[in-house]
Structures are given as C-alpha cells and as structure tokens.
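Residues: numbered from 1 along the sequence shown.
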Amino acid sequence: MVLAPAVVLLAVVVLPVGVLLLAFVAGVISWLLPGRLRTARVLWMAIFYLFWDAVVVVVAFALWVGSGFGWRLRSTAFQRAHYAFAAHMLQVLFWQVRWTLRLSIEIDEADLDRTAEGRPLVVASRHAGPGDSFILVHALLNWFDREPRVVLKDTLQWDPAIDVLLNRLPAQFVTPRSARRDGAPTTTSGVARLAEHLGPRGALLIFPEGGNVTPRRRLARIEALRRAGHPELAVQAEQMTNVMAPHAGGLLTAVDAAPDAPVVFVAHTGLERLVTVADIWRELPMDKRIVMKGWSVPPGQVPADEAGQVDWLFEWWGRIDRWIEDHEAVVAGLGHNVEAVTAPARPPGIVAPEDDASSASAAAVPDDESPADPEPSVAP
C-alpha cells in the first residue's frame, strides 16, 4: 500500500529528470573515462530498474483487477498469466543487462534429455556472483519452458515487484534462523511445501550453499563441519576451492517430497570474482560471459538413506568444483579472448529459447535441519 504506489510515482517523476541527468553525466564521464562510462552505466541501470519495477507493479495491479479484484488470482489461468508476464519482464531485463553491462549467458551442453520432459524437476545450483538467482529463474522460464518455485530471503519483499509478483506464485519467503520468530516457516518446511504437487512443468530451484561464495564463508563452513563431528565432509570441503560445502537439509527435503522428480545440478562461472561493490565497480562494463552447465540425475540414482544422500550431494558438489576449475583453465589458456554468445544451443527435448531482444533475486537462504548443516549462514 505504500512502497508499490511510491515506486510508480517515483518513476513518473524521475523520467524527465533522469534522462537529462543521464545525458549530462554520460557526456562528462565519456570525457574523463573514455570507453568505460561506469557512472553513466550504473545511473542508467538504476533508472531502468526503477521503471521496470514500476511496470511490474502496474501490470500486476491490472491482473489483480482482471481476476475479479483477487477472486481468481490463485486459479490456474491467472497463475500461468503471472508466469508468462514474469518471463517477458525477465527477457526485457536481461536484454538491457546485455546492452548496458555487456553480459552474455551461454549454456554448455545442458544434460536435460527427454527423460525429464513432462516431469517436474528439482534444480540445485551453486551460488556465486551478483544476480545469479535471477539468471537461473530467467533460464528456467524462457529457455526451458518451466514454472520455477523458489525459496527467498524475506528481506527481498522490500522490492515491490518481487513482493507483489512472487507472493502470487508458488514461492516461500523465509526469515534467517537468527531472526526467526517462533512459528515462522523454516527453510526446510518451505521447501517441503513447494516441492509438493510440482506438476509436469514445475521446477523447484534451491541453492544448497545458502549464500554467495566468499573465502570467509567457505572457511567458516569447513570449521562448522568439523565442530559438528563431520571431519570427512570437512576434508572434502577443503578440496573444493571454487564452491562452499552445501547444506543438505533443503535439497534432501525436496527429494523426499518429490520422489519422481529428476535432480538437476547446475554449475556456472563468470561472476564468482564479483564479491564486493568495489569488485563490481572495477569490472564495469563487465564484458563477461556466464557459462552454465547442467547434469540431470534420474530419481532411481538418488540414495535412499540420509547418510548416503549427504555423501551423494558432496560428490556432486565436488564435480561442480572440478568443472569450474577446468572451465577457468580453458578460458585462461585462451587469454580470455572468448566471443560472447547471446543464445544457448538447443539441448535435446528442450524448448528453443526466444530472442531476448525481441520480447526479461531470488536470493538463496540456507537449509535448516541436516546432519551436515551446522550453523548455516544467510545469503546477502
């Protein structure tokens, strides 16, 4: 009632002022920093996102009115309408990201064959770099024709577009354990609720690491495993230099709640060195290529017992770590002279991606209850 109308009003006020200011700043910065235009790019993206947010709020209000002032908002037809709208807006957003930040996304042999077609998915991805959760949702919606369900940190509801849109779709906002009130939903309970009745196009997206990888968090996770009496897992975590030891609780809950769903593990690289605001500022324009790789695991290959599932998860996380290491070695060998690819190759059995230019965080939270989950941290 306050933030959503304020965003729309602010967008109307900012439009004439923002365009003039952007032109002035772009001229000054282009004179001082030819070729980079950091300030102009940041200012433009901020203005663009403000209007993007405002459009989401206005259209969401129209959908609410069209549903009979909320009467049929949870119906199948309006759920699909909201997914279609979210997909389009993410196409627009990533078209602008490519144009302003020179950021491209490529899928490297996504192993999603026809055995997963028409079946729900549980997607477990590494978490590194700014906005990678947006990228995963964008890919699931627009490239793989899926309807993603996500677990998010509750503070993301301060963004009116995320708050309004995702509270109408199957999603779960969770408060970190340290600030959670009695009776509030936990990550594990939220995952269990979302994993039920996924449907043939459903995809539950979860980030087992719980937050973006940083050296401090990685070391803290290793020490937490040792204190919890899991020295063998701590040793495995030490050997994984590009990822953090995963929390097992949420993923294993999803596997139990959706036993017929294949599990898809996702690795990606390209943004992991963007940890701080200073890192992002230094890299602008980014001129980066994000490469994503997916492996699908049929339900029958998931161990039945909890200890076996934890070992299975750590083995897969080690495979993700090795893929990242190998990919970065190849890029380093090429001297980073890699051509940007703006559309992935079409994997078998997957709907071909549309041209983003013609048509658009979910932030991860840690899993709660698992023998391999001591003292989880919260994603920023």
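- Side-chain contact check for Trp295 versus Ile320: some heavy-atom pair is nearer than 4.5 Å.
- Residues Leu313 and Ala248 approach most closely at CD2-CA, 3.7 Å, considering heavy atoms.
- In this structure, Leu165 is a member of the same hydrophobic cluster as Tyr83, with clusters built from ILVMFWY side-chain heavy atoms closer than 4.5 Å.
- In this structure, Arg119 contributes its side chain and Asp260 its backbone to a donor-acceptor pair below 3.5 Å.
- Here the side chains of His247 and Glu209 are not in contact, with every heavy-atom distance at 4.5 Å or above.
- In this structure, CG in Leu121 is found 3.5 Å from CZ in Arg146, a value given to the nearest 0.5 Å.
- Within the 3.5 Å criterion, the main-chain N or O of Trp158 finds no donor-acceptor partner in the side chain of Asp163.
- Looking at Lys293 and Thr269, their side chains never come closer than 4.5 Å, going by heavy atoms from C-beta outward.
- For the residue pair Val297 and Gln301, the shortest heavy atom distance occurs at CG1-CB, 3.8 Å.
- A donor-acceptor pair under 3.5 Å links the side-chain atoms of Trp317 to the main chain of Met244, judged by distance alone.
- A distance of 8.0 Å separates NE2 in His268 from CD1 in Ile290, rounded to the nearest 0.5 Å.
- Nearest heavy-atom pair, Ser125 versus Pro208, reported as atom, atom and distance to 0.1 Å: O-CD, 3.5 Å.
- Taking all atoms of both residues into account, the shortest heavy-atom contact from Pro170 to Leu194 is C-CD2, 3.7 Å.
- Here the side chain of Asn242 pairs no donor or acceptor atom with the backbone of Ile324 at under 3.5 angstrom.
- Atoms CG and CG, on Leu152 and Leu205 in that order, are 9.0 Å from each other to the nearest 0.5 Å.
- Counting only distance, with no hydrogens or angles, the side chain of Ser67 and the backbone of Trp64 share a donor-acceptor pair below 3.5 Å.
- Pairing each heavy atom of Gln79 with each of Leu73, the nearest pair is NE2-O, 3.8 Å.
- The salt bridge (Lys or Arg N to Asp or Glu O under 4.0 Å) contacts involving residues 235-247 comprise Arg226-Glu238, where partners must be two or more places apart or lie in separate chains.
- In terms of heavy-atom proximity, Ala161 sits nearest to Asp53 at CB-OD1, 3.2 Å.
- Note on ring orientation: taking the six-membered ring where Trp is involved, the planes of Phe265 and Trp316 are parallel (angle under 30°, cut-offs 30° and 60°).
- Side chains of Asn167 and Gln157: a donor-acceptor N/O pair is present below 3.5 angstrom, by distance only.
- Distance alone, capped at 3.5 Å, places no donor-acceptor pair between the Asn142 side chain and the His88 backbone.
- When side chains are defined from C-beta on, Phe173 counts as touching Ile162, because their heavy atoms get closer than 4.5 Å.
- Sorted by first then second residue, the side-chain hydrogen bond (donor to acceptor under 3.5 Å, both in side chains) pairs that include residues 192-205, not counting sequence neighbours, are Asp145-Arg201, Glu147-Arg201, Gln172-Arg193.
- Side chain of Arg319 to backbone of Phe314: no donor-acceptor contact under 3.5 angstrom is found.
- Residues Val92 and Val57 are members of separate hydrophobic clusters, defined by side-chain heavy-atom contacts under 4.5 angstrom among Ile, Leu, Val, Met, Phe, Trp and Tyr.
- Relative orientation of the His82 and Phe78 rings is tilted, given thresholds of 30° and 60° on the angle between their planes.
- By the side-chain contact (heavy atoms from CB on, under 4.5 Å) test, Pro303 is found to be paired with Asp305, Gln309, Trp312, residues two or more places apart in sequence or in another chain being considered.
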